[in-house]
Amino acid sequence: MVDEKELRDVVKKTISRDDVKYVVGYEKGTYGFQATPCFAYKPEDAEKFIFSPLCVHNLTVFPMLEEKPPLRKGEEPDTRKIGVVVKGCDSRAIVQILQEKGLERDKVVIIGIPCSGVIDPKKIEAKFPGHIKKVEVNDEDDKFAVTVDGKTQKIPKDELMPEKCKTCEYPNPVLYDILIGKEIKSKKKEDYKKVNAFEKKSMKEKWDYWEKQFEKCIRCYACRNACPLCYCKECMVDQLNPQWVRRSVNLSENTAWNLLRAFHLAGRCIGCEQCERACPMGIPLMKLNKKIEKEIKEMFEYEAGISAEEKPLLAMFKPDDPEEFIL
Amino acid sequence: MKEKFEPNIIGFLCNWCSYAGADLAGTSRIQYPPNLKAIRVMCSGRVNPIFVINALQQGADGVLIGGCHPGDCHYERGNYLARRRMAVLKKLLEHTGIDPNRVRMTWVSAAEGNKFAEVVKEVTEDIRKLGPMQHFKRENKW
């Protein structure tokens with residue numbers, strides 16, 4: 001469990017620096033099982049900061065959402081840094097962005113938190129339906145202690161954790177400026193069980209499954225907006241000339257959008273599950289992302305978000321890449 | 001009367017090798033199926049997966065991408081990059097239940113008119129067996 005006092009002190013120290021614009025972290029949500037992103041512009045804002053197993057979000061999306069309006073005459077550009085509180089998985093997103101040169105290293109202050117697993121909001125809401133009052137959730141070794149209406153229940157972690165935490169290989173931040181607490185050890189291994197099980201289905205079964213899923217899509221692009229790695233200035237679905245994907249919501253366009261979204265994250269997706277959590281229609285987008293992740297690991301021995309010095313996967317090649325599919 | 005299915009294949013051929021190879025097949029009067037509609041691109045590395053998915057949406061039953069042999073690319077590395085991209089795209093299509101054989105890739109040099117004809121024959125036969133692409137064809141209802 002992370003010492004929140006230490007976190008607040010670090011945030012206070014960071015925001016007191018002249019070269020930091022703001023720090024983004026987590027605060028208690030207004031109701032139920034929620035933690036929300038929170039911004040500290042002044043040292044006293046740091047008091048709001050928390051870290052509990054409810055902090056699932058990937059906050060690395062915020063430095064990328066930063067708006068850069070055109071400067072007025074005589075105005076100096078704001079070159080101050082942005083502080084981000086990251087867990088192990090989120091830090092990989094930052095590494096990936098740095099690798100693609102979407103951000104400069106000296107523009108972010110990374111406050112790393114070793115994380116032993118968080119709670120999937122959908123799973124806990126299914127367990128305690130209709131709770132809108134504040135609840136306490138604590139991390140106790142292999143159990144989550146959930147306090148609802150004054151009663152504490154201990155629930156095994158496996159029941160509440162999202163898929164990403166069950167097979168998390170990087171509980172400690174890969175890259176950080178300040179680490180809170182001590183690094184933890186993890187023996188979990190990514191085994192792609194679900195992907196392998198899905199692969200065994202026949203072509204027809206696979207398409208029947210995805211047809212149903214893609215038909216649900218309402219094309220709100222929440223998956224794109226929540227994703228820390230979808231930061232193109234103009235997304236290909238917003239392009240009008242040429243217009244690759246039409247705006248109409250039907251199976252054809254939805255399939256094109258979902259396939260292209262998954263492809264654009266090939267070799268970049270770090271598996272934070274932000275897209276799936278944001279999806280209002282419950283489309284299992286991670287199934288596509290995980291499949292690509294697995295194939296890339298097998299074919300090119302590459303993993304996204306590990307080293308900022310490496311070149312992006314699809315921007316480099318090896319002469320002996322697999323080519324058994326070529327005629 | 002039901003018409004016999006004739007596959008509709010889009011070919012993205014690289015200007016320097018495959019397109020010249022197709023040209024050679026034509027000037028040498030080698031017979032090959034007329035199902036392939038060739039689109040000239042400057043390099044196989046120019047082929048964005050968005051082109052492939054868009055072609056499948058607009059009624060293509062298959063897509064063939066032709067590039068130079070590894071090491072022969074006019075731009076040195078375009079075909080290598082295309083190879084990686086298509087390898088990933090094919091795996092993704094397979095996972096969603098679309099036969100990955102609808103997207104084919106080939107290396108044809110400017111001197112291989114015969115090979116080009118063979119490849120087109122093979123791809124046409126493969127896609128004839130797969131049948132029309134019905135998964136996510138775009139419906140124009142206006």
Side-chain angles (χ1 to χ4, degrees), chain A residues 195 198-199 201-211 213-214 236-237 239 242-246 248 250-260 262-267 287-292 294-296 298-300 302 313-327, chain B residues 45 48-54 56-59 64-67 69-71 73 76-101 103-108 115-116 118-120 122-123 126 130 134-142:
Chain A
V195 177
F198 192 80
E199 271 170 19
K201 290 186 182 180
S202 72
M203 282 294 176
K204 187 157 182 314
E205 281 171 327
K206 280 183 200 168
W207 175 249
D208 286 347
Y209 175 82
W210 284 111
E211 189 178 8
Q213 300 298 337
F214 292 154
M236 92 275 172
V237 283
Q239 245 175 39
Q243 188 179 35
W244 293 112
V245 182
R246 286 189 189 165
S248 45
N250 57 37
L251 180 65
S252 170
E253 311 300 328
N254 292 356
T255 310
W257 156 245
N258 280 289
L259 289 180
L260 289 167
F263 185 84
H264 281 192
L265 290 172
K287 263 192 181 157
L288 294 176
N289 295 350
K290 276 277 169 212
K291 163 76 179 174
I292 296 183
K294 180 194 154 205
E295 292 299 338
I296 280 167
E298 277 173 14
M299 288 195 289
F300 310 118
Y302 179 92
L313 174 86
L314 293 178
M316 62 166 180
F317 64 88
K318 282 183 199 142
D320 54 345
D321 277 342
E323 61 165 13
E324 65 281 354
F325 62 90
I326 286 170
L327 290 172
Chain B
N48 189 329
I50 219 168
F51 298 178
V52 177
I53 291 192
N54 205 264
L56 293 176
Q57 262 188 300
Q58 293 195 40
L64 174 70
I65 295 145
H69 283 276
C73 180
E76 289 180 8
R77 40 190 242 131
N79 53 357
Y80 285 118
L81 297 177
R83 182 172 68 182
R84 273 206 161 177
R85 250 175 249 159
M86 289 310 145
V88 177
L89 181 69
K90 278 168 85 89
K91 295 283 181 199
L92 179 64
L93 288 178
E94 193 188 350
H95 199 59
T96 36
I98 297 152
D99 202 298
N101 273 349
V103 181
R104 303 300 286 269
M105 198 168 184
T106 179
W107 306 140
V108 173
K115 188 187 172 187
F116 181 78
E118 289 303 313
V119 166
V120 176
E122 197 190 324
V123 172
D126 282 358
L130 288 175
Q134 282 163 333
H135 298 287
F136 59 96
K137 204 170 155 185
R138 188 177 273 170
E139 285 171 36
N140 288 322
K141 278 186 188 160
W142 59 75

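Everything quoted here is computed from the prediction, not taken from an experiment. By convention in this document, chain letters (A, B, ...) are assigned in the order of the sequence lines, proteins followed by strands, and residues within each chain are numbered from 1.
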Which of the residues [options] is involved in the greatest number of heavy-atom pairs with chain B at under 4.5 angstrom?
options	result
A:Q213, A:K318, A:E324	A:K318
A:V195, A:N254, A:T255, A:I292	A:T255
A:E205, A:E211, A:K287, A:E323	A:E323
A:P319, A:S202, A:A266	A:P319
A:L259, A:L251, A:I296	A:L259

Where [X] and [Y] come nearest, the two heavy atoms and their spacing:
X	Y	value
A:K206	B:G97	CB-CA, 3.7 Å
A:L314	B:L81	O-CD2, 3.7 Å
A:D320	B:R83	N-NH2, 4.2 Å

Counting only heavy atoms closer than 4.5 Å, note whether [X] contacts chain A via side chain, backbone, both or neither.
X	value
B:R104	side chain
B:I98	both
B:I65	neither
B:E94	both
B:V123	side chain

| query | Are B:T96 and A:F214 close enough, and set up right, to give a side-chain contact (heavy atoms from CB on, under 4.5 Å), and what steps lead you there? | reply | CA-CA 10 Å; B:T96 36; A:F214 292 154; 4.1 Å; yes
Of all of [options], which one pairs up most often with chain A through heavy atoms under 4.5 Å apart?
options	value
B:K115, B:R77, B:M86	B:R77
B:R138, B:K91, B:K137	B:R138
B:P70, B:G66, B:A87	B:A87

| said: Going by the rule side chain to side chain contact (heavy atoms under 4.5 Å, CB included), which residues pair with A:H264 if we only count those two or more places apart in sequence or in a different chain? | reply: A:M236
| note | Separation between CD1 (B:I53) and CH2 (A:W257), nearest 0.5 Å, reads 12.0 Å
| query | What's the spacing between B:L92 CG and A:L265 CG if we round to 0.5 Å? | reply | 11.0 Å
| query | Is the backbone N or O of A:D321 less than 3.5 Å from a side-chain atom of B:R84, with the two atoms forming a donor-acceptor pair by type? | reply | no
| 4.5 Å side-chain heavy-atom contact, A:F300 and B:V88 | yes
| query | Under a 4.5 Å cut-off applied to non-hydrogen side-chain atoms, are B:P100 and A:M203 in contact? | reply | yes
| note | Hits for side chain to side chain donor-acceptor pair (under 3.5 Å) against B:N101, two or more places apart or cross-chain, chain-then-number order -> none
| field | Result of checking A:F198, A:Y209, A:F263 against B:H95 for ring-ring contact (aromatic ring centres under 6.0 Å, His included) | value | A:F198
| said: Counting neighbours of CD on B:E76 that are heavy atoms of other residues, nucleotides or ligands and sit closer than 6.0 Å, is the number greater than 12? | reply: no
| query | Parallel, tilted or perpendicular: which describes the rings of B:H135 and A:W207, with under 30° parallel and over 60° perpendicular? | reply | perpendicular
